[in-house]
Amino acid sequence: MTDHFTPANLDLAHEIIDRYPVKRSAMIPLLHLAQEQDGWVTEDAMRQIAELVGVTPAEVLGTCSFYEMFKRRPVGRFLINICGTLSCQLMGAGELIHHAERKLGITSGDTTPDGLFTLAVAECQAACTEAPCLQVNYRHRYRVTPEDFDILVDELRSEADRGEGPDPGNPDAGGVPRHGVLSLSRQHIPAERAAGPSSPTSDQGPPAWMPPPDAEEQK
Amino acid sequence: MTLRGTTIPHAAGFVAGDGPRIVTAHFDDPEAHVLSRYEELGGYEGLRRALDSSPGEVHSIIREATVLGRGGAGFPAGVKWGFCPEGVWPRYLVVNGDESEPGTYKDRLLMELDPHQLIEGALIACYAVGLSQCFLYVRGEMALAQERIANALNEAYAAGYVGRNIMGTDFSVDVVLHWGAGAYVVGEETALIESLEGKRGMPRLKPPYFPAAIGLYGQPTIVNNVETLSNMPWIMNNGAEAYRAIGTESSPGTRMVAVSGHVKRPGVYEIVNGSTTFRDLIYGEDMCGGIREDRELKAFVPGGGSAPWFLPEQLDIPFEGRQASAAGSMLGSGAVIVMDETTDIPRAALSLTHFYAHESCGKCTPCREGGTWLERIMTRIVDGVGTERDLEMLLEVGRNICPGDFPHAADSSRGLEAVPFPYRMNTICFVGPSAYAPVNSALTLFPEEFEARVRRDEGVVVPSPGRESRV
Ligand SMILES: Cc1cc2nc3c(=O)[nH]c(=O)nc-3n(C[C@H](O)[C@H](O)[C@H](O)COP(=O)(O)O)c2cc1C
Ligand code: SF4
Ligand code: FES
């Protein structure tokens, strides 16, 4: 089968898998990697992830479909999630959602015909004191008024027109990364500094720095 | 009235008061997330001190300090660390950074502004308990926190604070940054472990699956909240006694509390545990400064969306677990949501019920079915098409989720006495009961608002823009 991941992402996938004691634990990180590459999670990606972590494609789908962030069909370049939970609702989230739907000409859940914006009503974003709030591709905007929303949409449109916006590897470009790109930096564990994963089946006794049990008891 | 306390622009929502600051001590510094700055602020000194002592000694210090878990259950960290069965290796640490309880906003600040403090705290735990790998599970929807932690870890590895032979000792542990993908229930510790194993995030049955005994890959696993672990460096630097000198006997130290809703200055505050009251928090000039436009307080959620509500009558209860329980609620995740006199109570309750119904993992029937029923009935009532029978049905569905009397606050104006926390439950985790908690609070404390709705009194049913578009 041909690779779905690009060669660079395939290397990254192996690097991620090697950090875990059990390969399957890399499943969610790899689904994110696929979504970063393609903007959504394709069947092909799931098939290759299954192969990489040693499970069936159905198991990957099972996990993938549980989590809200994994989109199994294309979404806009900018996913705008407006928080509709209580703290935001008390501070006018309902009006903001209503306004956003009119401004973008779509109802929440839908994508604008130009493929730029997907609008969604989301749950608490851990910014409840800054209500009402929203996220564009999981980056927060606080205390958003309808006017702020219009400005935001116009900014994002012109950013897209200019073809700008950062990508992984270019974290300083400013603007909002396209949907699928979450963290602009990644953890890399240098081989010479790695302690290595702790295998659950290794049965190697206590780690080096722990005194043997009887020594501990004397304290 | 001018409010005291300083807001800090790069720490959206955080307000620095006059009180002691343990976990937020570096929040004034916009560069504290960078290793060199963190070191200048005394960073990794706590870990150094820990490594100069034996693991058992470090564990004793933390046990003695009595750090109550900040994730919701309030269990002392040092005691939990002692629950790993002897002689079973390896053991793991999973850091719970999945913050998503409605109203809760503190762990994200700690991860974004002071990631090294969290990493240092996690390492202290690993050293003390012999945990040989750490997974730092950050909520998926927190891109900035992920970035800050990734950068912090890369720096800390390069500087020899994480990984093999930490600070030249035989203490070796990898800290792996992992992030979720959007599912509230995954914050529950056993669901967190399932998720980390690459599965659907469904809670496991306790017993037998207490993580300290049977956790990640079936091995002993300590799950601790971000704020809990962020306290550890300070305690290693200042000692258990200094920690216990702040707060009260039963609740030492400080805790972060987010106050949102209808207050003059919503914000995140580090308060003294145990002694600060809800009145201090909501009306204090160095805190929220009272209700917006000096309106009347109607009700408040004292401990995150899952917690039964309090009335103005409960304002003088301090932030202390036992007193909150006796009064019919809990402190949970340190989140107060304030509702003023203009609040439409059934609609507010529906918002929370919708949340928990939507987030049910579907594993147990009372939650999966009951949550949906509650949401449907509540929607009917709010939309002005509910009936008397619907009100009874809410209680019936509630009893299927939680048999017996459900906790609620006292309302002396109506001769209503408090039913203390906790409740009994027919579900595996607290999501099911949480869907019912707001309904029960609203219905018990404000029955007239429901009755007016089912009687279709003139003017009570107000259409709300936007809500109809919710999924
Ligand atoms: C439905 C549910 C959601 C939870 N969400 C979180 C969460 O987002 N963050 C957290 O730290 N604890 C959460 N908890 C509590 C955890 O199960 C666990 O008690 C906690 O992480 C333990 O850490 P602590 O002892 O340091 O508080 C949740 C519990 C339940 C039942
Ligand atoms: S109570 Fe709800 S969320 Fe919790 S395990 Fe049962 S069905 Fe899942
Ligand atoms: S309720 Fe909107 S961010 Fe928490």
[atom1]-[atom2] distance between [X] and [Y], expressed to the nearest 0.5 angstrom:
X: B:Met142; Y: A:Leu182; atom1: CE; atom2: CG; answer: 12.0 Å
X: B:Glu197; Y: A:Thr63; atom1: CD; atom2: OG1; answer: 11.0 Å
X: B:Lys199; Y: A:Met27; atom1: NZ; atom2: CE; answer: 9.5 Å
X: A:Leu79; Y: B:Glu141; atom1: CG; atom2: CD; answer: 10.0 Å
X: B:His358; Y: A:Thr85; atom1: NE2; atom2: OG1; answer: 9.0 Å
X: A:Met210; Y: B:Ser132; atom1: CE; atom2: OG; answer: 10.0 Å

What's the shortest heavy-atom distance between [X] and [Y], and which atoms?
X: B:Phe355; Y: A:Cys124; answer: CE1-N, 4.3 Å
X: B:Gly261; Y: A:Leu90; answer: CA-CD1, 4.2 Å
X: A:Gly196; Y: B:Asp174; answer: N-OD2, 2.8 Å
X: B:Arg108; Y: A:Ala127; answer: NH2-CB, 3.4 Å
X: B:Ser351; Y: A:Gln89; answer: CB-OE1, 2.9 Å
X: B:Gly130; Y: A:Pro207; answer: O-CG, 3.6 Å

Check whether any side-chain heavy atom of [X] lies under 4.5 Å from a side-chain heavy atom of [Y], and answer yes or no.
X: B:Tyr105; Y: A:Ser87; result: no
X: A:Trp209; Y: B:Pro55; result: yes
X: A:Arg143; Y: B:Pro266; result: yes
X: A:Ser198; Y: B:Trp89; result: no

In terms of heavy-atom proximity below 4.5 Å to chain A, should [X] be classed as side chain, backbone, both, or neither?
X: B:Val259; result: backbone
X: B:Gln133; result: both
X: B:Val185; result: side chain
X: B:Ser195; result: both
X: B:Leu352; result: side chain
X: B:Tyr184; result: neither
X: B:Val263; result: neither
X: B:Leu131; result: backbone
X: B:Arg139; result: side chain
X: B:Val186; result: side chain
X: B:Glu359; result: side chain

So, the side chain of [X] versus the backbone of [Y]: is there a donor-acceptor pair under 3.5 Å, distance only?
X: A:His32; Y: B:Gly180; result: yes
X: A:Ser183; Y: B:Ala143; result: no
X: A:Arg193; Y: B:Tyr157; result: yes

Quick one: which of [options] has the most heavy-atom pairs under 4.5 Å with chain A, could you say?
options: B:Val301, B:Val338, B:Val268, B:Leu196; answer: B:Leu196
options: B:Pro438, B:Ala348, B:Ala258; answer: B:Ala348
options: B:Ala335, B:Gly218, B:Gly140; answer: B:Gly140
options: B:Ala181, B:Ser172, B:Gly163; answer: B:Ala181
options: B:Ile337, B:Val88, B:Leu51, B:Leu144; answer: B:Ile337

Side chain, backbone, both or neither: which part of [X] has a non-hydrogen atom closer than 4.5 Å to chain B?
X: A:His99; value: neither
X: A:Gln125; value: backbone
X: A:Ile28; value: side chain
X: A:Thr201; value: neither
X: A:Glu59; value: neither
X: A:Ala208; value: both

Legend entry - CD/A:Glu15: more than 12 non-hydrogen atoms of other groups inside 6.0 Å: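 Count over threshold, so yes.
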Legend entry - From B:Ile149, B:Asn151, B:Leu153, residue fulfilling side chain to side chain contact (heavy atoms under 4.5 Å, CB included) relative to A:Ser185: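 Per the side chain to side chain contact (heavy atoms under 4.5 Å, CB included) rule, the option paired with A:Ser185 is B:Asn151, out of B:Ile149, B:Asn151, B:Leu153.
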Legend entry - Side-chain ion pair, A:Arg139 and B:Glu147, N-O less than 4.0 Å: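 Answer for the salt bridge query: yes.
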Inset, instruction - With sequence neighbours left out, write down each residue that passes side chain to side chain contact (heavy atoms under 4.5 Å, CB included) with B:Asp340, or none if nothing qualifies. - result: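 Checked B:Asp340 against side chain to side chain contact (heavy atoms under 4.5 Å, CB included); matches are B:His262, B:Ile291, B:Arg292, B:Arg295, B:Thr342, B:Thr343.
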Inset, instruction - Go through A:Ala126, A:Pro197, A:Ala120, A:Pro190 and name the one with the most non-hydrogen pairs under 4.5 angstrom from chain B. - result: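 The option with the most such pairs is A:Ala126.
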Legend entry - Evaluation steps, side chain to side chain donor-acceptor pair (under 3.5 Å), between B:Arg200 and A:Ser65: CA-CA 8 Å; B:Arg200 295 166 78 84; A:Ser65 59; 3.1 Å; yes
Inset, instruction - With side chain to side chain donor-acceptor pair (under 3.5 Å) as the test, would you mind laying out the steps for A:Ser199 and B:Tyr217 before giving the verdict? - result: CA-CA 9 Å; A:Ser199 164; B:Tyr217 315 126; over 6 Å; no
Inset, instruction - Output all residues satisfying ring-ring contact (aromatic ring centres under 6.0 Å, His included) with B:Tyr161, sequence neighbours left out; order by chain, then residue number. - result: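 Only B:Tyr44 meet the ring-ring contact (aromatic ring centres under 6.0 Å, His included) criterion with B:Tyr161.
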Inset, instruction - Begin with the C-alpha distance, continue with both residues' side-chain angles, and end with the deciding distance and a verdict on side-chain contact (heavy atoms from CB on, under 4.5 Å) for A:Gln187 and B:Asn154. - result: CA-CA 6 Å; A:Gln187 178 180 18; B:Asn154 289 344; 3.9 Å; yes
Legend entry - is_close_aromatic(A:Tyr20, B:His178), centroid dist under 6.0 Å: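 Yes, close enough.
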